[in-house]
Every structure is written in structure tokens, then in C-alpha cells.
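Just below is one structure, and these are the notes that go with it.
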Amino acid sequence: MARRSENILETIRMIDEECLDIRTVTMGISLMDCADTDIEKSCEKIYAKLTDKARNLVKTAGDISREYGIPIVNARISVTPISLLASVSGGDCVRYAQTLDKAGKELGVNFIGGYSALVQKGMTEGDRLLIESIPRALACTDIVCSSVNIGSTKAGINMDAVKQMGRIVRECSELTADNHCFGAAKLVVFCNAVEDNPFMAGAFHGISEPDCVINVGVSGPGVVRNAVREAGPDASMNEIAEIIKKTAFKVTRMGQLVGMEASRRLNVPFGIVDLSLAPTPAVGDSVAQILEEIGLEQCGGPGTTACLAMLNDAVKKGGIMASSSVGGLSGAFIPVSEDAGMIAAAEAGTLTIEKLEAMTAVCSVGLDMIIVPGDTTAETLSAIIADEAAIGMINSKTTACRLIPAIGMEAGDHLVFGGLLGEGPVMPVKKVSPAVMVNRGGRIPSPIQSLKN
């Protein structure tokens, strides 16, 4: 009984003092049965299905939060990649985005993801229509998020799509320049995208998933940081790894509890717990500060990649010990504008885009919420995307880019989004042109390690 009381008190402390929360309860919903040759009829089916399946999502999340005393920050929805429906209906895909936005607002969710296309090996007409519509769709909606998968270890990298996405990212910023370039902040370009990711902006409901499913995203950078701090400077690196692993175990168990309870109440299958250390701008909720607690003077300096590799691995090991349903991305996110420690390191010049790229080889995703000068060319954006995709392809891991060209700003300026998206400095980008490489198009072939059959 004493040990149980101790565990309860420890959990209360994690929540009250160390920013532990359930970052999101995300309901994935298949829209395959909403396909129709008439886009207006398809949109009617989508609205009806979403408002039926998710009608109790926000209330249920709120009820569980109150009853268990666990903060649940967001309730979200992910849907089948909309390009699959566009392939059937044709028409202006923006109608789909407006329908998703309307349904999401009616339901009270904070984001809805899945305005997406999977084009790692080529494009259908639906893919092409959707990708070209992304800037307009994100400019005219508030809570719709978009993603495009342009590469994989099995397929290689679709350089025609990479070239196109550099232009699309720029257009997203340009069309929302009067709104902090918010459109680009809702767009992720993936390599090796996963089908059960509950985090935005990259969430979509994969075609191999059930008709409806509950996925939970847990986050606890502050908890991990405090555990490392308590270990003191004399603990060895393997001892620090063990501490992180045990802490991740506790956090994952809480996520599984919430996910299974939400599943039971909503009568929807439970999918996965994504144990990703997703930071926020709040003080003490920073992945960068975990790395600094391990022993770095500042994130981005020598030793950063090694510390991040250990952190990411220990988090995954702890999660796997705690649950057989760990999935999504699970590890450590390093979004610059959403992490107080990353912001400080970028402002000091210690953390650069080149160092961030090295770090993405060992963390959960990639170049996330990176603000670049407003005059960065589409070709340069494409080349950064290609570099990040290459890391994912060769290492058989998910990588991504969420790049925000700050229109009218230059390196050293500051762009403010607010909320969970935070704010950050405009980071300098090398001016040398990759235009010839990008404009070659074609496909980078899949690597030799893809031949595993």
C-alpha cells in the first residue's frame, strides 16, 4: 500500500510540476466508403461520417481528464489520405479541405490531419490535384493539416515530387504571409511516413488501419529532464540511459491507461501509444534542456547528436517495456519553434540547420518547425527536403521537413505563431544554388538495404 501511494504521489508531481500530459487523443477515421464520382456528394458523406464517429471524442477526452486528473491537451482527428478520394471524384480538392475544417470545428477538435498524398513512387491524377491545391486549402482553413510522403526505403525518393514540394511550401507561406506564414506550419513533407501517427501536422489514417481507431500521443520532456537532474553529474551515461528508460516506462503506462479507457467509452478499437517527447514553449518542457541536463553546455554543441541518440533509444526501450501497443513515431521530437531550449540555442548561433540535420539521423522525425529567410528559393527548399529524405531512406526511419519561409524576413528576425507552435528565430540558409540537381527530376533509386525479401 505504501508503494502504491508513493507511485500516485510521483504521478501527481509529474503532472503538477514537470509538465507531464497526454498531448493528444487522436481518432483515426477511414473515409474510403465516402468516395464518390461527384465531389459534392463525397463531401456530404465525409461530413456525415466524421460528425457521427467523432461526436463524443472531445467530451470523452474531457471526462477522462477530469476523472483521472491527467491533462489531455488536444483531441484530434486523422483521416484517410484525401488524394485517394480525389482520384475518384476529380474536381477542386479545396472542397474536401473546407468540409474537413467545417466538421472539425463542429466537433470541437483542434486539428484534423489527412489532407495528404503518398507519392513516393509516382503520382495519380488525384495526387496531383491534391498537391497543387495544398496552398489554397491551408490558406482558407484553420484546423486542416496536410502531409505528402515523397520517399521511402522501399521506393527511393520521388525527385519530381520533391521539386514540386519546394514550390508548394513557398506558396503556403506566401498565401498566409499576413497570418505569420501559418499555412507552411500545417504542412509536413515525409519520407517513410507511418500510418498511425497521432501527432500533427503529419497525422493521417493509413489504408491498412481499421475503419476507426483511437491513438494516443504522450509527452513528458519535463519529467525526463527532472529525472536526469536528480541523478546528478556523477552518474555514468549507461546509468542515465537506464533512468530515462524507467521514466519512459511510467509515462507510457499512463498513456496506455488513457487510450484504453477512451477506446472503451467510445466503443472504438485502441490502436497505439506514441511516446514522443514533444516539447512546448513552456518553461521546463524542452528536449534541448534534457540534452543540456545530460551534460551539454548548450544544445547544438559537440556531443549533441550522441546525447540525442541515447535519449531517443532509451525512450523507445522504456515504451516497449510498458506496452505492446507502442507505435507512431515514439522518441524525441526537435521542433525549433516549439522548444524553449532549441529557440535559445538557435538564437545564440550554437544550433544551425546543418547540425539539426545531423541530429535528425538519430531522433524521431526531422527538420521540424524550422523558420528560414523569406527569400529562400523553392529549389533550396526542395534540396533541404531531399537531404532529409535521404537520411530517412538510407536509415529505414521516418524523417520529415516542416519548413516555414518567413516572407519579408531575413536571418536573425523573429516569427511568432503563438500557442503550441511557439515562436522562433529565422535561421540562416546557405545561398549556394542546388537548382540543377533539383530540376533534374526523376527518382533517386531505393538503396541496397531495401532488398530484404
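With sequence neighbours excluded, the residues that form a side chain to side chain contact (heavy atoms under 4.5 Å, CB included) with V362 are T305, L308, A309. Taking the side chain to side chain contact (heavy atoms under 4.5 Å, CB included) definition, one finds that A400 meets it with V188, F190, V365, sequence neighbours left out. Among residues two or more places apart in sequence or in another chain, the side chain to side chain contact (heavy atoms under 4.5 Å, CB included) test is passed with S116 by P81, S147, F204. Under the rule for a side chain to side chain donor-acceptor pair (under 3.5 Å), T252 has no partner lying at least two apart in sequence or in another chain. E44 is linked by a salt bridge (charged side-chain N to carboxylate O under 4.0 Å, His left out) to nothing, counting only residues two or more places apart in sequence or in another chain. Residues passing the side chain to side chain donor-acceptor pair (under 3.5 Å) test with Q449: none are found, sequence neighbours excluded. Legend: residues meeting ring-ring contact (aromatic ring centres under 6.0 Å, His included) with F199, ordered by chain and number and at least two apart, are F333. For R443, there are no side chain to side chain donor-acceptor pair (under 3.5 Å) partners at least two apart in sequence or on another chain. The side chain to side chain donor-acceptor pair (under 3.5 Å) search around S83 returns D127, not counting sequence neighbours. Applying the side chain to side chain contact (heavy atoms under 4.5 Å, CB included) rule to S87 yields the partners T124; only residues at least two apart in sequence or on another chain are considered. Partners of R253 under the salt bridge (charged side-chain N to carboxylate O under 4.0 Å, His left out) rule, at least two apart in sequence or in another chain, do not exist in this structure.
Residues V287 and D339 share a closest heavy-atom pair of N-OD2, 2.8 Å.
Ion pairing between a basic and an acidic side chain is recognised when a charged N comes within 4.0 Å of a carboxylate O; E106 and K102 show no such pairing. Between D313 and K245 there is no salt bridge, since no side-chain N of the basic residue sits under 4.0 Å from a carboxylate O of the acidic one. Salt bridge status for R402 with E338: present, with a side-chain N to carboxylate O gap under 4.0 Å.
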Under 3.5 Å, sequence neighbours excluded: what are the donor-acceptor pairs made by side chains of residues 177-184?
from	atom 1	to	atom 2	distance (Å)
H180	ND1	V416	O	3.1

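More than 12 heavy-atom neighbours from other residues, nucleotides or ligands sit within 6.0 angstrom of NZ on K355.
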